[in-house]
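Presented below is the structure to which this report refers.
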Number of protein chains: 2
Amino acid sequence: MPKKRVTLAALTSAAVLVADRDGFEALTLNGVAAELDVAASTLYTHIYGLDGLKSLVAAAGTRNLTEAVRNSAIGASGVDALTAMAIAYRAFALSHPGQFASTLLPPRSDLDELAATNEALLEVFVLVYRGAGLEADEARLAARALRSAIHGFLALEHTTATPSEHDAEYRYLLDALQLGLLHDHAGVAR
Amino acid sequence: MPKKRVTLAALTSAAVLVADRDGFEALTLNGVAAELDVAASTLYTHIYGLDGLKSLVAAAGTRNLTEAVRNSAIGASGVDALTAMAIAYRAFALSHPGQFASTLLPPRSDLDELAATNEALLEVFVLVYRGAGLEADEARLAARALRSAIHGFLALEHTTATPSEHDAEYRYLLDALQLGLLHDHAGVAR
DNA sequence: ACCTGAACACCGTTCAAGT
DNA sequence: ACCTGAACACCGTTCAAGT
């Protein structure tokens, strides 16, 4: 290798690797630079500092999560699809802790890319609700509600170190939400 | 003041102040030491490094959150109590962002204090569900489900910078959860 | 027992210099 | 255009020294 060449793709995958391996809070410019065998200052040619690196991981992580969730729902619809998506969501969070943690980023300035990827994830849920008969507004509310619940459960699971009865608790939450008022939502008192 | 004296209480309140003012990720030993007008190395006499400082804030934050939630439910029961608690939970998160962020800490070694404060928060929800007629196991499941949903919504709200229709979305989530299968949970298909 | 100051390793960031 | 190395400010942590 006569020359050291850093591509954005290589930078992204190296950053994702470090985040999943060492934890998102341990994601560092020097660490990623070492992974690429490059000086840390080189990264400034491609990204805007540490914040840029974190946003890069957040965008890639959200994209990967979206893909996993979307694929899990192929060939299913309604409650079955939503259950499969919730399970895939959790599996992704458990196997890619760094990428999952990057999802909880505090509000950044470059919300363009990040907001778009987040919207894409939500859209997967919206599509299922729409396919089940909910109109646009309610499908969106249901999608956000389910996403919030899933995310909150996984965030707390990620924090507490007691993975004992979490399967049953996750099922209970999803059942309690009735997967977002999908069926019989007209009969719910509210 | 002839002598500089650092108490654990002063250290805690200074750390909480910095976390809420500058953000939890900006919480720093040097920053807190400066707030106390003390050398940074002094803090090692009282706490175990930066991790200890973060755990301190997390424990204090969870305690404060628990107190706010508990107080909001005084004089109410059932759905009314749970709604008031959910609203108080959100109000605390919005007005004390640093303490709320400390709640999502990754698993630490000193889980004793932190796990106890988390348990105390959950207990408030459990008590309401028990008072509404649910038996111990189900009250605990319902409490965890509601806590997860609330937490997830607030975490996502804290991330996204669009506080437009969040009130309606929060209500929708709580309604969809039916506040944890409190009423008519026997009729839910699952 | 508590606090200090110096020291060290590490980090993010900038920038003149190389190719 | 991309990469480097030195430089700077800042941080967490340790420790001998002071009181």
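Naming: A, B, ... by sequence-line order, numbering from 1 per chain.
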Nucleotide dC3(D), atom P - distance to CG of Leu43(A) in whole Å: 9 Å

Whether Tyr89(A) and Phe125(A) hold their rings parallel, tilted or perpendicular, with breakpoints at 30° and 60°: tilted

dT4(C) OP1/OP2 closer than 4.0 Å to side-chain N/O of Thr42(B): yes

Side chain of His46(A) - closest among dC3(C), dT4(D), dC3(D): dC3(D)

Side-chain donor or acceptor of Thr28(B) paired with backbone N/O of Gly31(B) under 3.5 Å: no

Tyr172(A) ring center near His166(A) ring center (under 6.0 Å): no

Secondary-structure stems, DNA chain D, at least 3 Watson-Crick or G-U base pairs under 3.5 Å: C:4-8 with D:12-16, C:12-16 with D:4-8

Atom-to-atom span, CG of Leu8(A) to P of dA1(D) - whole angstrom: 17 Å

Partner of Thr66(A) under side chain to side chain contact (heavy atoms under 4.5 Å, CB included), chosen from Asn118(A), Asn71(A), Leu122(A), Leu121(A): Leu121(A)

Heavy-atom protein contacts under 4.0 Å, nucleotides 10-15 of chain C, coded B base, S sugar-phosphate only, - none: -SSBBB

Closest non-hydrogen atom pair between His151(A) and Leu104(A), with its separation: NE2-CD2, 2.9 Å

Val126(A) reachable from Ile150(A) in the ILVMFWY side-chain graph, under 4.5 Å edges: no

Within one Ile-Leu-Val-Met-Phe-Trp-Tyr cluster: Val38(B) and Leu8(B), side-chain cutoff 4.5 Å: yes

Check: His96(A) ring centre within less than 6.0 Å of Phe92(A) ring centre: yes

